[in-house]
Number of protein chains: 2
Amino acid sequence: MTMTPTLEDVAKRAGVSTATVSRCLNSPEKVVEETRDRVLSVVRDLGYAPNFSARALAARKTQTIGAVIPTMENAIFAQGLQAFQERLGQAGFMLLVASSSYDPDIEEEQIRALVARGADGLLLIGHHRDPNVYKFLETQNVPALLAWTYQTDRPSIGFDNHAAMQALTERALQLGHKRIGVITAPLASNDRARDRVSGIRAALKAAGHPENPLPIIETDYGISNGAAAFDRLMTADLSPTLVICGNDVLAAGALRRAQERGLSVPNDISITGFDGIELANLVTPRLTTVHVPHRTMGEAAAETLIAISQGAWTGESLCLPTEIRFGETLAPPSN
Amino acid sequence: MTMTPTLEDVAKRAGVSTATVSRCLNSPEKVVEETRDRVLSVVRDLGYAPNFSARALAARKTQTIGAVIPTMENAIFAQGLQAFQERLGQAGFMLLVASSSYDPDIEEEQIRALVARGADGLLLIGHHRDPNVYKFLETQNVPALLAWTYQTDRPSIGFDNHAAMQALTERALQLGHKRIGVITAPLASNDRARDRVSGIRAALKAAGHPENPLPIIETDYGISNGAAAFDRLMTADLSPTLVICGNDVLAAGALRRAQERGLSVPNDISITGFDGIELANLVTPRLTTVHVPHRTMGEAAAETLIAISQGAWTGESLCLPTEIRFGETLAPPSN
DNA sequence: TACCAGTGTGTAAGCGCTTACATTGCTTTT
DNA sequence: AAAAGCAATGTAAGCGCTTACACACTGGTA
């Protein structure tokens, strides 16, 4: 097994010191052209690539940003993350991604792993986590930016889940809906979902609705889960005229099952989503949903994190506007 | 600014040597319980986290696997990658992801970056790339596993794009289709797309079809792109009775536009997809498509890469079976 | 009692880089 | 012609870990 070439190998072969080779690679303007050409051609011949660990150890920075997201399968995060990584790449940063499967313990583990790997900064989803995690990040001096949420007490970049869902619900209530069901992602491990549900409750309360018997079905992400949840909602005593879903995927599943059950949407029943992913426009009829600017958020997150890592940051959280996108799944109740 | 604690800080505070602290962390059974407890409690107090770069440098392995995928936004890769990373995580490996936006130069850059970061192995999508890239990987002694493709000359794990598409096309031809159009991802930068199109051509040839005037529209990933491509296909002289799409997303876009144009699918026109993502089942009517076992592939890829990195690998490429999933978008031509 | 194996720790030599500082050999300047 | 400045390069001290090896102690065993 051949050893992979090191800086020293290059230096020896080019007849210079390791310092000069290092300079050729990192600040070429400090080396006279002749030397530089010679060194670089040796680099090419040997197929030399710098050892990142050694470089990071010596230079004390990694040009790496870590992100822990709940899942990669979710189109929401994928799109934002893609934008995030593109922007990072432009600035010469790499992205380390880990996913937690919505499990706080796994998330903490991943955060520690990313910090250990020398991430210059971290992107985290949502705001709710064990205070020790935040303490740990402070001790380690690793800045963390929260996304998909908006908080004033920590650096964050996202939107107001509560207010957005409240606005959508109010709109629906104005149409006269009284019997309402909710399908949401599991609340225990998902603060965005909780914020959205609290937005629904706030709207109900403001409209003077009885608040107790709000049927809520919690289920994992997935179209078929949305469909199953819809069934459960319909077998409850009260058959709703409006089903508010915590995200578009669940809504798409609910919509499909409604149609399979012979219900006409929105004539017999209204259904709303949240997120505004492409899927919302693809189903028939198109979903009425809350549109979230994912790309913008991802790009802004990258810029913010880079700024933080360079010590140039104002410390302001950013709240992006969301907007209700009207499809054809929301209408006044028929009875 | 407080310095983050090092092994030595812990050692000093616990009154032991750095070697002992290191042992407590990496092979606890070698340290007597009393010492270990003392050390670990100091670790906790100080919020110590090992410096990964230093560890990697000293131990000469990173427990990190890199992956370069064309895009994160694509549900196909997302699902496989999620499975990949889950399996890696179980084995104590981390995943470094980079995306290339389907650009070979960017891909090469990303590969170099991942290698420099000490990836113990790489997951790459597809097989076609500059020979120098493979040479570089060999020089660096970094094993690479190709996925979403099946090749016998290099370690790979995937499926036969050509054969799968050929099978689907043959099936369609048996129904009597004569006028056929194709919508595909850009061929230049995507060997899977090329393989699929060559599968179509092979089927046409085998069935004795004239091969030259096969209208092919190349377009980027995206539902609206699929729709636009469908329009272009229909404005061509020959209006097809069958539109074969290179992936489900393009197919979904084509389907939607067909319906918007007042065409009944599959009565007036048949449309097929490829990939078998959830989307295929969500549209109405459901897509007839080729189903690819993404999770299985992702998991197998993880296991293979771990095996390779531990020197325990048989060297066999793996070809997973695909299967035609019949929805309701394929039927005999009406005229 | 002297010897040994076994166990728990310490010592110290790297791992492959970066970078502050020292050195060399020119040009300029005075 | 000597002093000074400057540009290009070399020297070597780490960065924070892992781990081979050395060492000290224990409790058998001969």
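Chain identifiers are assigned alphabetically (A, B, ...) following the order of the sequence lines, protein sequences preceding nucleic acid strands; residue numbering begins at 1 within each chain. For the numbers below, each heavy atom of this structure counts, side chains included, while hydrogens, waters and symmetry mates do not.
Between A:Arg55 and C:dT18, a side-chain N or O to OP1/OP2 separation shorter than 4.0 Å is present. Phosphate proximity of C:dG10 to B:Ser17: present, with a side-chain N or O under 4.0 Å from OP1 or OP2.
Look at B:Arg129 and B:Glu108 and you find no salt bridge, because none of the NZ, NE, NH1 or NH2 atoms lies under 4.0 Å from a carboxylate O. Between B:Arg112 and B:Glu107, none of the side-chain N atoms (NZ, or NE/NH1/NH2) sits under 4.0 Å from a carboxylate O, so this pair counts as no salt bridge.
Mapped onto DNA chain C by nearest heavy atom, A:Ala58 and B:Lys30 fall at different nucleotides, with B:Lys30 at the one closer to the 5' end. Residues B:Ala54 and A:Lys61 both approach DNA chain C. Their nearest nucleotides, taken by heavy-atom distance, put B:Ala54 toward the 5′ side.
Within the 4.0 angstrom heavy-atom criterion, base atoms lie near A:Ser22. Within 4.0 Å (heavy atoms only), A:Thr35 reaches sugar-phosphate atoms of the nucleic acid but no base atom. When heavy atoms are screened at a 4.0 angstrom cut-off, B:Thr20 is found touching the sugar-phosphate backbone but no base atom.
Between the CZ atom of B:Arg117 and the P atom of C:dG16 there is a distance of 18 Å, given to the nearest Å. When rounded to the nearest whole Å, the span between CG of B:Leu7 and C1' of C:dA12 equals 15 Å. Spacing between atom CZ of B:Arg60 and atom C1' of D:dT19 amounts to 10 Å, rounded to whole angstrom units. Between the NZ atom of B:Lys12 and the P atom of C:dG10 there is a distance of 14 Å, given to the nearest Å. Atom-to-atom, CD of B:Glu34 to P of C:dT7 comes out at 18 Å; the value is rounded to the nearest Å. The interatomic distance linking A:Glu33 (CD) with D:dA7 (P) rounds to 17 Å, in whole Å. Distance B:Leu57 CG to C:dC17 P: 9 Å, rounded to the nearest Å. For the pair B:Asn26 CG and D:dT18 P, the interatomic distance rounds to 5 Å; values are reported in whole Å.
Side chain of B:Arg194 to main chain of B:Ala188: a donor-acceptor pair is present (N/O by atom type, distance under 3.5 Å, no hydrogens or angles).
Counting only heavy atoms from C-beta on, A:Ala19 has its side chain closest to D:dT11 among C:dG10, C:dG16, D:dT11. Across C:dT19, D:dG16, C:dT9, the shortest atom-to-atom separation from the side chain of B:Val31 is found for C:dT9.
No hydrogens or angles were tested; on distance alone, a donor-acceptor pair under 3.5 Å links the side chain of B:Arg23 to the base of C:dG10.
For B:Glu34, the CD atom counts as loosely surrounded, since its 6.0 Å shell holds 12 or fewer non-hydrogen atoms of other residues, nucleotides or ligands. Counted within 6.0 Å of CD on A:Gln90, heavy atoms from surrounding residues, nucleotides or ligands total more than 12; the atom is thus considered enclosed.
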